[in-house]
Amino acid sequence: MKRSLIVVLIIGLLLFSVACGRSSTPTPGEIAALKINVSNQSPYDICYVQISGSEQEEWGKDWLGEQEKIAPGASKTFNVDAGTYDVQVMTCEQYTLATFWDIDSNTTVEVGGKGLVPLVVLNQSATEICYVYIASSSSNSWGEDWLGESESISPREGGRVFFVQPGTYDLSTQDCDGNDLVTESGVQITEETSWTISD
């Protein structure tokens, strides 16, 4: 009799403990929220934040909405379902400020940075730009492509902002076949600088 009562009490306590502690750690099969914090360390208002699954080919909707902005020095956290995501952040003119790829855990992504100055590449040509090289004028090589394998600058209307240390740079652009478009040498970038690519 006592043994049965003890067993019943133990089972009751275990059920009570499980019910109280359920919210702390998700069990397999439950969807855990993932937080992506966008920190704006640039001099621009962020008007568009697009978040899409890394397997998707399109960026999808703007997560900020028509009225909201992330001002310089501010940040905003977006809650998404568990998964792997890509993020694109744009100015109010829809110039890309930054892209981030394959985010699969709670992450803070920083746009711009302390001491960096913006180089705005505007594509007014009829050609899609797939490669942008920004190299110190004292360097012997162009280094890596600043657009990366998944990004380009659209013809006629596209814009991309890159953030660099103040200095003197050589700049070069290429189309998607690797053909040279425009190259400039000895460009001083000590404050916001625009570089327009035209036909």
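In what follows, every heavy atom counts, from backbone to side chain, and hydrogens, waters and symmetry copies are set aside. All values reported here derive from a predicted model rather than from experimental measurement.
- Residue E149 qualifies as open at atom CD: its count of foreign heavy atoms under 6.0 Å is 12 or below.
- To the nearest 0.5 Å, atoms CD1 (I197) and OG1 (T127) are separated by 10.5 Å.
- Of the possible donor and acceptor atoms, none in the side chain of S42 sits under 3.5 Å from a partner among the backbone N and O of N40.
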Derivation of the side-chain hydrogen bond (donor to acceptor under 3.5 Å, both in side chains) call for T196 and S198:
CA-CA 6 Å; T196 300; S198 56; over 6 Å; no
Start with the C-alpha gap between E128 and C130, add the side-chain angles, then the distance that decides, and say whether side chain to side chain contact (heavy atoms under 4.5 Å, CB included) holds.
CA-CA 6 Å; E128 182 179 12; C130 285; 4.2 Å; yes
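- Between F78 and W63, the angle of the ring planes goes over 60°, which puts this pair in the perpendicular group of the 30/60° scheme.
- The shortest distance between side-chain heavy atoms of T168 and S136 does not fall below 4.5 Å.
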Should N79 and T77 be marked as a side chain to side chain contact (heavy atoms under 4.5 Å, CB included) after you check the CA-CA gap, both sets of side-chain angles, and the distance that decides it?
CA-CA 7 Å; N79 297 311; T77 298; 4.2 Å; yes
Does the side-chain hydrogen bond (donor to acceptor under 3.5 Å, both in side chains) test come out yes or no for S172 and T183, once each step is laid out?
CA-CA 4 Å; S172 183; T183 298; 3.1 Å; yes
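- Remark: L171 CG to W142 CH2 distance equals 6.5 Å, nearest 0.5 Å.
- For Q188, the CD atom is loosely surrounded, since the number of other residues' heavy atoms within 6.0 Å does not exceed 12.
- Using a 4.5 Å heavy-atom threshold, the side chains of K76 and V38 count as separate.
- Contact check for W146 versus V164: side-chain heavy atoms found under the 4.5 Å cut-off.
- Under a 3.5 Å cut-off, the side chain of D170 and the backbone N or O of G186 do form a donor-acceptor pair.
- W59 places no side-chain N or O within donor-acceptor distance of the main-chain N or O of Q88, the cut-off being under 3.5 Å.
- T193 places a side-chain N or O within donor-acceptor distance of the main-chain N or O of E191, the cut-off being under 3.5 Å.
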Residue pair Y85, I36: steps toward the side chain to side chain contact (heavy atoms under 4.5 Å, CB included) verdict:
CA-CA 9 Å; Y85 295 90; I36 300 175; 4.3 Å; yes
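- A distance of 11.0 Å separates OH in Y133 from OG in S141, rounded to the nearest 0.5 Å.
- In this structure, the side chain of D199 engages the main chain of A126 through a donor-acceptor pair within 3.5 Å.
- Residue pairs meeting the salt bridge (charged side-chain N to carboxylate O under 4.0 Å, His left out) criterion with at least one partner in residues 52-63, sequence neighbours excluded, do not occur; the list is empty.
- Judged by distance alone, with hydrogens and angles left aside, the side-chain atoms of R160 form a donor-acceptor pair with the main-chain N or O of L97 at under 3.5 Å.
- Here Y131 contributes atom OH and E144 contributes atom CD; the two are 12.0 Å apart, rounded to the nearest 0.5 Å.
- Once rounded to the nearest 0.5 Å, the distance linking CD1 of I153 with CD of Q124 reads 12.0 Å.
- Sorted by first and then second residue, the salt bridge (charged side-chain N to carboxylate O under 4.0 Å, His left out) pairs involving residues 85-114 (not counting sequence neighbours) form an empty list.
- F100 and V132 are assigned to two separate hydrophobic clusters, defined by single-linkage of ILVMFWY side chains at heavy-atom distances under 4.5 Å.
- Under a cut-off of 6.0 angstrom, the local environment of CG in N140 is sparse, with at most 12 non-hydrogen atoms contributed by other residues, nucleotides or ligands.
- The distance from the CD atom of E192 to the CZ atom of F163 is 9.0 Å, given to the nearest 0.5 Å.
- With N123 contributing its side chain and S154 its backbone, the two residues share a donor-acceptor pair below 3.5 Å.
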I would like to know whether T173 and W195 meet side chain to side chain contact (heavy atoms under 4.5 Å, CB included); could you show each step before the answer?
CA-CA 11 Å; T173 55; W195 185 37; 3.6 Å; yes
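- Under the side-chain contact (heavy atoms from CB on, under 4.5 Å) test applied with Y44, the options V111, V120, V89 reduce to a single match, V120.
- The backbone N or O of D177 sits less than 3.5 Å from a side-chain atom of D175, completing a donor-acceptor pair.
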